[in-house]
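Below, all heavy atoms of this structure are taken into account, side chains as well, without hydrogens, waters or symmetry copies.
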There are 2 protein chains.
Amino acid sequence: MRSYKHPAIEDVRPEDFFHALSDPVRLEIVRHLAREQEASCATLDGGRPKSSMSHHFRVLREAGLVYTKPAGVTHMNSLRREELERRFPGLLDAVLAAIG
Amino acid sequence: MRSYKHPAIEDVRPEDFFHALSDPVRLEIVRHLAREQEASCATLDGGRPKSSMSHHFRVLREAGLVYTKPAGVTHMNSLRREELERRFPGLLDAVLAAIG
DNA sequence: TCGCTTGTACGATATTATTCGAACAATAGC
DNA sequence: GCTATTGTTCGAATAATATCGTACAAGCGA
């Protein structure tokens, strides 16, 4: 599994950010990560196949929302809170409040 | 032209809101409406065909972002600022700041 | 009423997303 | 090295969106 290509936060376009949030499955992931700080991919599937989850995590990564780092055999995911706050001040907090 | 079906603000789902913001053309519209208070559809086409613009305005309307009222032969559009503030506190402001 | 303007509705096409199975890669532990 | 675990990647099918031409509806003014 190895390392991922996370975009530089400055390169994240607003439309990509919003697109990442336009799917209920991904909102669920973001909601979970907001509470739990970090989580592996497997703990977040709602019975969905691995390949589907992998897809959603990729979208979130490429939109700059989620940082994924290898941790042994699993992958730990977390929100890029500080960086997003720099890039879009107040936005992530408002999003998290909106999605509960 | 006549009246439109705007959703009740309580019925607007976050994913619909974000999906509406996931397109560059619609972001342009929102940006413009943030500055100008209100505008007709025609003043916002960037040379794009009317039917394309109509589609985008519809998406924005159905996501609860834009209110459209007939004004003679044209349609005046405006952001549903107060209502959105009630529904998603702080979100629209953060979005407008993010998209410049 | 006729003509002009603004935007919607419909329909077709093209592009993009989502979903998921199956095969593969990387790591940990034995 | 072998095996089990965790995700990724690929490919294909399906679904959802975007784009735009054409036809239509509604209001305004002469």
Without decimals, in angstroms, what is the distance between [X] [atom1] and [N] [atom2]?
{"X": "A:L44", "N": "D:dT8", "atom1": "CG", "atom2": "P", "answer": "12 Å"}
{"X": "A:D45", "N": "C:dG21", "atom1": "CG", "atom2": "P", "answer": "13 Å"}
{"X": "B:E62", "N": "C:dA9", "atom1": "CD", "atom2": "C1'", "answer": "13 Å"}
{"X": "A:R58", "N": "C:dT18", "atom1": "CZ", "atom2": "C1'", "answer": "13 Å"}
{"X": "B:H75", "N": "D:dC28", "atom1": "NE2", "atom2": "P", "answer": "11 Å"}

Once rounded to the nearest 0.5 Å, what's the spacing between atom [atom1] of [X] and atom [atom2] of [Y]?
{"X": "B:I29", "Y": "B:L44", "atom1": "CD1", "atom2": "CG", "value": "6.0 Å"}
{"X": "A:H19", "Y": "A:L21", "atom1": "NE2", "atom2": "CG", "value": "10.0 Å"}
{"X": "A:H55", "Y": "A:D23", "atom1": "NE2", "atom2": "CG", "value": "7.0 Å"}

[N] phosphate, OP1 or OP2, under 4.0 Å from [X] side-chain N/O:
{"X": "B:Y4", "N": "C:dG7", "result": "no"}
{"X": "A:S52", "N": "C:dC20", "result": "yes"}
{"X": "A:R61", "N": "D:dG7", "result": "no"}
{"X": "A:R48", "N": "C:dG21", "result": "no"}

- [ ] With sequence neighbours left out, write down each residue that passes side-chain hydrogen bond (donor to acceptor under 3.5 Å, both in side chains) with A:E10, or none if nothing qualifies.
- [x]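 Only A:R86 meet the side-chain hydrogen bond (donor to acceptor under 3.5 Å, both in side chains) criterion with A:E10.
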Task: Of residues 27-39 of chain B, the positions that come close to DNA chain C - non-hydrogen atoms, cut-off under 4.0 Å - done: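 Contacts with DNA chain C under 4.0 Å: none.
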- [ ] Classify the ring geometry between B:F18 and A:F18 as parallel (under 30°), tilted (30 to 60°) or perpendicular (over 60°).
- [x]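 The rings of B:F18 and A:F18 lie parallel, inter-plane angle below 30°.
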TODO: With the side chain of B:A42 defined as its heavy atoms from C-beta on, choose the nearest nucleotide among D:dT9, C:dA9, C:dG7.
DONE: C:dG7
Task: Nearest-nucleotide pick for B:V73, side chain only, options being C:dA9, D:dG27, C:dG7 - done: D:dG27
- [ ] Could you list the residues that satisfy side chain to side chain contact (heavy atoms under 4.5 Å, CB included) with A:A42, not counting sequence neighbours?
- [x]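 A:A42 satisfies side chain to side chain contact (heavy atoms under 4.5 Å, CB included) with A:S40 once adjacent residues are dropped.
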Open item on the list: The criterion is side chain to side chain contact (heavy atoms under 4.5 Å, CB included); which residues satisfy it with A:E28, sequence neighbours excluded?
Closed with: A:R31, A:R48
Polar atoms only, N or O, under 3.5 Å: list the protein pairs with nucleotides 10-15 of chain C and their distances.
none

TODO: Flag the pair B:Y4 / B:H75 as yes when their ring centroid distance falls below 6.0 Å, and as no otherwise.
DONE: yes
Task: ILVMFWY cluster, B:Y67 and B:L33 together (side-chain gap under 4.5 Å) - done: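 No, B:Y67 and B:L33 fall in different hydrophobic clusters.
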Task: Same apolar cluster (I L V M F W Y, side chains within < 4.5 Å links), B:V30/B:V25 - done: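 Per the 4.5 Å side-chain linkage, B:V30 and B:V25 are co-clustered.
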Open item on the list: I'd like to know if the side chain of A:R26 reaches the main chain of A:V59, judged simply by a donor and an acceptor atom lying under 3.5 Å from each other, with no hydrogens or angles considered.
Closed with: no
Using the 3.5 Å cut-off, write out each protein N or O paired with an N or O of nucleotides 14-18 of chain D and the distance between them.
| unit_1 | atom_1 | unit_2 | atom_2 | d |
| --- | --- | --- | --- | --- |
| D:dA18 | OP1 | B:R26 | NH1 | 3.1 |
| D:dA18 | OP1 | B:R26 | NH2 | 2.9 |
| D:dA18 | OP2 | B:H55 | NE2 | 2.9 |

